[in-house]
Each structure stands twice: as structure tokens, then as C-alpha cells.
Amino acid sequence: MGRFHRHDDGTVHTHEHGDHSSYETGPQRVDVLEGIFAENDIRANLNRAVFESHGIRALNLMSSPGSGKTTVLQATLDELAGEFAIGVIEGDIATDLDAAKLSGRGAQVSLLNTSNGFGGECHLDAPMVNRALPGLDLPSLDLVIIENVGNLVCPAEFDVGEHAKAMVYSITEGEDKPLKYPVMFRSVDVVLLNKIDLVPYLDADVGAYIAHVREVNAAATILPVSARTGAGMGAWFGWLRRFAAGPAD
């Protein structure tokens with residue numbers, strides 16, 4: 001069965017696995033998929049209303065597997081948990097490994113596994129995030145960071161009730177990824193180009209990475225960083241401080 005998605009104009013279609021060509025499905029299937037997205041968007045707006053009723057800013061943090069997203073989040077909590085009351089919704093297909101890495105860093109953590117007996121969902125959607133909210137003491141929080149499942153395709157297509165989207169993109173992933181996965185890169189407000197400490201050891205041109213992001217998203221803030229060494233992370237912390245302190249609109 002093909003993987004479905006929708007474009008910015010609301011068009012819904014599928015891509016057959018192993019085939020890069022797209023085709024329109026029959027009316028019944030398209031109606032079902034449109035219904036799924038519509039229900040998700042309703043629940044996303046409800047999630048956003050809950051956040052805003054408590055004065056919370058919510059960030060959807062996305063990436064591919066292995067980009068260093070959890071390491072970025074560890075450093076973020078170490079830096080900002082003393083300034084802001086932070087909650088984390090930790091999305092993963094299985095295990096509590098990433099949630100354990102974030103524990104003891106001054107934030108509330110609500111684990112959200114997507115395993116369903118058939119392998120698990122490759123993204124978080126708004127109903128899943130809604131189910132994770134009771135794991136946080138919302139009235140006490142200023143900022144909620146939703147760490148999405150590692151995937152460069154599906155997470156970008158689902159509004160989960162966030163006020164902004166960010167992604168972590170590793171220098172080891174190749175400079176072509178913004179062109180190969182434009183939906184993800186087009187959807188975000190900020191891109192952290194991570195693992196720049198490895199540039200001397202790789203055939204990597206940071207300027208080319210940034211240029212390719214700009215081809216699909218001219219407005220995103222792009223921050224070259226190394227979560228491991230701390231290089232450039234001050235700019236990310238500054239962006240997040242401004243975001244967390246801003247109005248929940």
C-alpha cells in the first residue's frame with residue numbers, strides 16, 4: 001500500500017512504495033484520508049488552545065534518526081530549565097531510552113510510544129500528543145517541547161498543536177536532503193545544522209548545505225551547531241528564549 005500525504009494546498013495523494021511517481025487514489029480512499037487530516041487538525045487546534053490557556057509555548061522538534069536531536073534537547077534542558085519551566089513530550093516508536101536521557105535535567109517528561117502491535121507509527125499526530133498531556137503538570141509550565149519520532153517525511157505533515165516547528169539536520173546526512181525531502185524543510189521555522197565539529201573529517205561544504213535549505217525555505221532561521229562541543233548552541237538558546245518568552249498566538 002502506498003504512503004499518503006497532502007500538499008500545502010490540501011491535495012491528498014499517495015506514493016507507491018518503490019515508485020517515485022504519484023497517482024490519485026479513488027474517491028473513497030481520498031475521502032478517508034482527507035477525513036483523517038481534518039480530524040487531526042481539529043484535535044491540533046484543541047491542543048493549541050490547551051497550551052494557550054496555560055500560557056505555554058509549544059515547539060515541535062523533528063529530525064531524521066541519528067541527527068542528534070536528543071543530544072540537542074539534553075543541552076537545551078541543561079541551559080534553559082533553570083530559566084523556564086519546561087515539559088517534554090518524548091515521542092518514540094518503542095523504548096524509553098531517550099526519555100531516560102532527558103530525566104534529571106530539570107524538565108517534566110511525558111513518554112509517548114507509538115507502538116501499536118504492528119510496528120508503530122512513524123510520526124506523532126495531534127490525538128497522540130493529546131493523550132500525552134496528562135503526563136505533564138501544564139499549569140506549572142512555560143514551554144513544551146514535543147520531540148517527534150525520527151523521520152524526514154511523515155512528521156512534517158501533521159500539526160500537533162505547536163506554535164512553531166524546528167528540525168535538527170546533521171552534517172553527516174548529506175547536503176542533498178533538503179532537496180530530497182522538501183516537505184520537511186519547507187515546514188519548519190528553524191533548522192539546526194548539527195555536528196559541524198565533524199566538518200574537518202568529512203567532504204562537507206557548510207555553505208552548500210545552507211544553500212540547499214534556502215532553495216526550499218527562504219525564511220527559516222539556519223543555525224550551524226554542534227550539540228556535542230557546544231559550538232553555535234548559544235544562538236539556538238537565544239532563539240528558544242525569544243520563542244518561549246513570546247506570546248502564545
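- Of all non-hydrogen atoms in Leu124 and Glu147, the two that sit nearest each other are CD1-O, 4.0 Å.
- Through side-chain heavy atoms spaced under 4.5 Å, either directly or across other Ile, Leu, Val, Met, Phe, Trp or Tyr residues, Leu97 is tied to no other residue.
- Of the N and O atoms on the side chains of Asn148 and Asn60, at least one donor lies less than 3.5 Å from an acceptor on the other residue.
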Contacts under 3.5 angstrom, residues 80-91 side chains, donor-acceptor by atom type, not counting sequence neighbours:
| residue | atom | partner | partner atom | Å |
| --- | --- | --- | --- | --- |
| Glu83 | OE1 | Arg241 | NE | 2.9 |
| Glu83 | OE2 | Arg241 | NE | 3.2 |
| Glu83 | OE2 | Arg241 | NH2 | 2.7 |

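- Residues Leu192 and Met167 fail the side-chain proximity criterion, which asks for heavy atoms closer than 4.5 Å.
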In residues 130-139, what donor-acceptor pairs under 3.5 Å come from side-chain atoms, sequence neighbours left out?
| residue | atom | partner | partner atom | Å |
| --- | --- | --- | --- | --- |
| Asn130 | ND2 | Asn47 | OD1 | 3.0 |
| Asp137 | OD2 | Ser140 | OG | 3.2 |

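- The backbone N or O of Ala245 sits nowhere less than 3.5 Å from a side-chain atom of Arg242 that would complete a donor-acceptor pair.
- By the salt bridge (charged side-chain N to carboxylate O under 4.0 Å, His left out) test, Lys177 pairs with no residue at all, sequence neighbours left out.
- Here the straight-line distance linking atom CD of Gln74 with atom CZ of Arg105 works out to 4.0 Å at 0.5 Å rounding.
- Counting only residues at least two apart or in different chains, ring-ring contact (aromatic ring centres under 6.0 Å, His included) contacts with residues 189-233 comprise Tyr169-Tyr209.
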Less than 3.5 Å apart, which donor and acceptor atoms pair up between the side chains of residues 229-239 and the rest of the protein, not counting sequence neighbours?
| residue | atom | partner | partner atom | Å |
| --- | --- | --- | --- | --- |
| Thr229 | OG1 | Ser226 | OG | 3.0 |
| Thr229 | OG1 | Ala231 | N | 3.3 |
| Trp236 | NE1 | Thr76 | OG1 | 2.8 |

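- Separating the CD atom in Glu162 from the CZ atom in Arg57 is a distance of 11.0 Å, to the nearest 0.5 Å.
- Listed here is the closest heavy atom pair of Val183 and Ala156: O-CB, 4.0 Å.
- Considering only heavy atoms from C-beta on, Ile171 comes within 4.5 Å of Leu202 through its side chain.
- In this structure, Glu173 and Ser64 approach most closely via the heavy-atom pair OE1-OG, 2.5 Å.
- Judged by distance alone, with hydrogens and angles left aside, the side-chain atoms of Asn40 form a donor-acceptor pair with the main-chain N or O of Asp159 at under 3.5 Å.
- Side-chain N/O atoms of Arg48 and Asn45 include a donor and acceptor closer than 3.5 Å.
- Looking only at side-chain heavy atoms (C-beta outward), Ile56 and Asp142 stay at 4.5 Å or farther from each other.
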